[in-house]
Amino acid sequence: MIHCYIISIFALKFFSVLKVFKNFNDYSSQKSLALSLGMFDGVHLGHKCIIDELIKVGTENHLETAVLTFWPHPRFVFNPNEDLKLLNTLDEKTLLMEKYGINNLFLKEFDEEFRNLTGEEFVRQILVEKLNVKYLIIGYDHSFGKNKSGNFELLQKLSKELGFEVEQMEAINIHENNVSSTKIRNALLTGKIKEANEMLGYSYSVSGTVSHGKKIGRTIGYPTANIETESIKLLPKKGAYIVEVFVKGQQYKGMLSVGTNPTVNGDKLTVEVYILDFNQDIYDEKITVKFRDFLHEEIKFEGLEKLIERLDEDKRLTEEFNF
Ligand SMILES: Cc1cc2nc3c(=O)[nH]c(=O)nc-3n(C[C@H](O)[C@H](O)[C@H](O)COP(=O)(O)O)c2cc1C
Ligand SMILES: Nc1ncnc2c1ncn2[C@@H]1O[C@H](COP(=O)(O)OP(=O)(O)O)[C@@H](O)[C@H]1O
C-alpha cells in the first residue's frame, strides 16, 4: 500500500484546465489515463493524497489524470427519501478538483444500466475499453460494482490480463484517526469546526445568494445577510460562528448564525451573516462564507436587549480572532 504524506510537493500548485464529462461517450483522448474513482465528498485530505499520487504517476508515465465520481450521489438512487446532506455541491467539488490539478472529471449518473454492471464488467467495459485507463488508484476501503463485487484483489487479478497498473492508498490519519467524509460531517454537525477544517485541509464553506429576511437585523444594529444555500449542502450545527466572508471580490470578517432565530420567534432555518466594517446593500449578490470557529449554541434570549448584548460579545470575539 502507498503511504500518503500530507504535505506533498504537488501541493505547490500549477493550474490545469479541468474537463468535465457527464457521458463516457463524450470522452476521447490520445493519452491514456491515471484514474481514481469514488464519491470524493468534501475532497478532503485523504482524497487529496490520492489526487497527488495520480498527478505523480501521471507525470512519470505521460498519462492524463482523471477522477470518476457519481452525481447525483448513489444514495439518492437507493433511498430517494433519505435526507442526505453533502460536504460539497457539484460546483464546489468541480472547483476543488480543478484547483488540485485533475485534468478530467467524470460525473456518472447512477442509472439502471450502470448500477447493474458487476465490478469486473465495469473494469473491462468502462475503465479499460471506454476510458483507456492505464493506472488505477483506489482508496484503502474502496469497493465498486453490483453488490460491491469489485475490490482491490479483483483489480490486481484483472490488471495483468488487461494491462494496467493498480495501487491502493493507505488511510490518512490525523491525531490517529482516519480522515473520512462521515467523520467530517459528524464534526460539523457537532460544531467542531476546527476539527472538520483540519480533516478537509481547507475551511468549510457555504455559498448562496442573499435573500430578504424579516428586516429585524438592521433595527438592532446588526443587519444580517440571509444566505440561500443549496438544499443538499450540509450546514453545521445550529449556533453562532466566526467566518470569513467573500462578497464582490472582497474579503471581510463576519459572524454567522445557523438557526431558527428563537428570540424573534422564527420558524425557518436560516443562515445569516453580519459582516464587520461593512455597509452595503447586497441583496441578490452571491456570497461565500468560510467557517473558522464556533462562538455559541443557539439561545432563546429573554428579549432583544439580551440578544444585542450577546451580539456585542460575538463581535468583540470576532474582531480579536486570529484569521
Ligand atoms: C453571530 C450571530 C449569532 C446569533 N445568535 C442568535 C441566537 O443564539 N439566538 C437567536 O434567537 N438569534 C440569534 N441571532 C440573531 C438572529 O439571527 C436575528 O434574529 C436575525 O439577525 C434577525 O435577522 P433578520 O433581519 O433577517 O430578521 C444571531 C445573529 C448573529 C449574527
Ligand atoms: N454589515 C452588514 N452585514 C450584513 N448585511 C449588511 C450589512 N450592512 C448592510 N447590509 C445589508 O443589509 C441586509 C440585511 O439587513 P436586515 O435588516 O438584517 O434585513 P434582512 O432581514 O432582509 O436580512 C443585507 O442583506 C445587506 O444587503
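Indexing begins at 1, ligand by ligand and atom by atom, following the structure's order.
Aromatic ring pairs are classed by plane angle as parallel below 30°, tilted from 30° to 60° and perpendicular above 60°; the pair His47 and His44 is parallel. Using cut-offs of 30° and 60° for the angle between ring planes, the Phe122 and Phe114 rings count as perpendicular.
When each atom of ligand 1 is checked for a heavy atom of Asn226 under 4.0 Å away, the hits are 26 (O). Taking a cut-off of under 4.0 Å to the non-hydrogen atoms of Ala240, the atoms of ligand 1 that pass are 1 (C), 3 (C). When each atom of ligand 1 is checked for a heavy atom of Pro262 under 4.0 Å away, the hits are 10 (C), 11 (O). Atoms of ligand 1 lying under 4.0 Å from at least one heavy atom of Met255, given by number and element, are 1 (C), 31 (C). Every atom of ligand 1 with a heavy atom of Phe301 under 4.0 Å away is listed here by number and element: 7 (C), 8 (O), 9 (N). Each of the following atoms of ligand 1 lies closer than 4.0 Å to a heavy atom of Glu298: 8 (O).
Residues Glu195 and Lys183 are not paired through a salt bridge, judged by the lack of any N-O separation under 4.0 Å between the basic side chain and the carboxylate. No salt bridge links Asp277 with Lys253; every basic N to acidic carboxylate O contact stays at or beyond 4.0 Å. Comment: Lys19 does not engage Glu98 in a salt bridge, judged by the lack of any side-chain N to carboxylate O separation of less than 4.0 angstrom. In summary, Asp41 and Lys93 do not engage in a salt bridge, as defined by a charged side-chain N under 4.0 Å from a carboxylate O. With salt bridges taken as basic N to acidic carboxylate O contacts below 4.0 Å, none links Lys160 and Glu165.
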Go ahead and list the nitrogen or oxygen contacts between ligand 2 and the protein that come in under 3.5 Å, distances to 0.1 Å, or just say none.
| unit_1 | atom_1 | unit_2 | atom_2 | d |
| --- | --- | --- | --- | --- |
| ligand 2 | 1 (N) | Ile275 | O | 2.8 |
| ligand 2 | 1 (N) | Phe278 | O | 2.9 |
| ligand 2 | 3 (N) | Pro223 | O | 3.4 |
| ligand 2 | 3 (N) | Ile275 | N | 3.0 |
| ligand 2 | 10 (N) | Gln280 | O | 3.2 |
| ligand 2 | 15 (O) | Arg218 | NH2 | 3.4 |
| ligand 2 | 17 (O) | Arg218 | N | 2.9 |
| ligand 2 | 17 (O) | Arg218 | NE | 2.7 |
| ligand 2 | 18 (O) | Thr224 | N | 2.9 |
| ligand 2 | 18 (O) | Thr224 | O | 3.3 |
| ligand 2 | 19 (O) | Arg218 | NH2 | 3.4 |
| ligand 2 | 19 (O) | Tyr283 | OH | 3.2 |
| ligand 2 | 21 (O) | Gly213 | N | 3.4 |
| ligand 2 | 21 (O) | Lys214 | N | 3.1 |
| ligand 2 | 21 (O) | Lys215 | N | 2.6 |
| ligand 2 | 22 (O) | Gly213 | N | 2.7 |
| ligand 2 | 22 (O) | Lys215 | NZ | 3.4 |
| ligand 2 | 22 (O) | Tyr283 | OH | 2.7 |
| ligand 2 | 23 (O) | Thr224 | O | 2.7 |
| ligand 2 | 23 (O) | Asn226 | OD1 | 3.1 |
| ligand 2 | 27 (O) | Ile282 | N | 2.8 |

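Counting heavy atoms under 4.0 Å from ligand 1, residue Leu311 touches it through the side chain alone.
Remark: minimum distance from atom 25 (O) of ligand 1 to any protein heavy atom is reached at Gly217 N, 2.6 Å. Leu307 CD1, 3.6 Å is the protein heavy atom nearest to atom 13 (C) of ligand 1.
The six-membered or imidazole ring of Phe110 lies near that of Phe78, with a centre-to-centre distance under 6.0 Å. Aromatic pair Phe164/Tyr135: ring centres not closer than 6.0 Å.
Not one N or O of Tyr274 is nearer than 3.5 Å to an N or O of ligand 1, by distance alone. The N/O atoms of Lys300, backbone and side chain alike, include none that comes under 3.5 Å of an N/O atom in ligand 1. Some N or O of Ile216 is nearer than 3.5 Å to an N or O of ligand 1, by distance alone. Annotation: Ile299 places an N or O atom under 3.5 Å from an N or O atom of ligand 1; distance criterion only. The N/O atoms of Asn261, backbone and side chain alike, include one that comes under 3.5 Å of an N/O atom in ligand 1.
In this structure, His296 counts as a contact residue of ligand 1, since one of its heavy atoms falls inside 4.0 Å of the ligand.
Selection from Thr263, Val264, Val243 by nearest heavy atom to atom 11 (O) of ligand 1 gives Thr263.
Summarising the geometry of Arg292 relative to Ser203, their closest heavy-atom pair is CD-OG, 3.5 Å, with the distance given to 0.1 Å.
When only modelled atom types and interatomic distance are considered, Asn103 and Thr65 share a side-chain donor-acceptor pair under 3.5 Å.
Under a hydrophobic-cluster definition in which Ile, Leu, Val, Met, Phe, Trp and Tyr are linked whenever side-chain heavy atoms come within less than 4.5 Å, directly or via other members, Leu95 and Leu86 are assigned to different clusters.
Evaluation of the side-chain hydrogen bond (donor to acceptor under 3.5 Å, both in side chains) test over residues 314-323, restricted to residues two or more places apart or in two chains, returns His296-Asp314, Glu313-Arg316, Arg316-Glu320.
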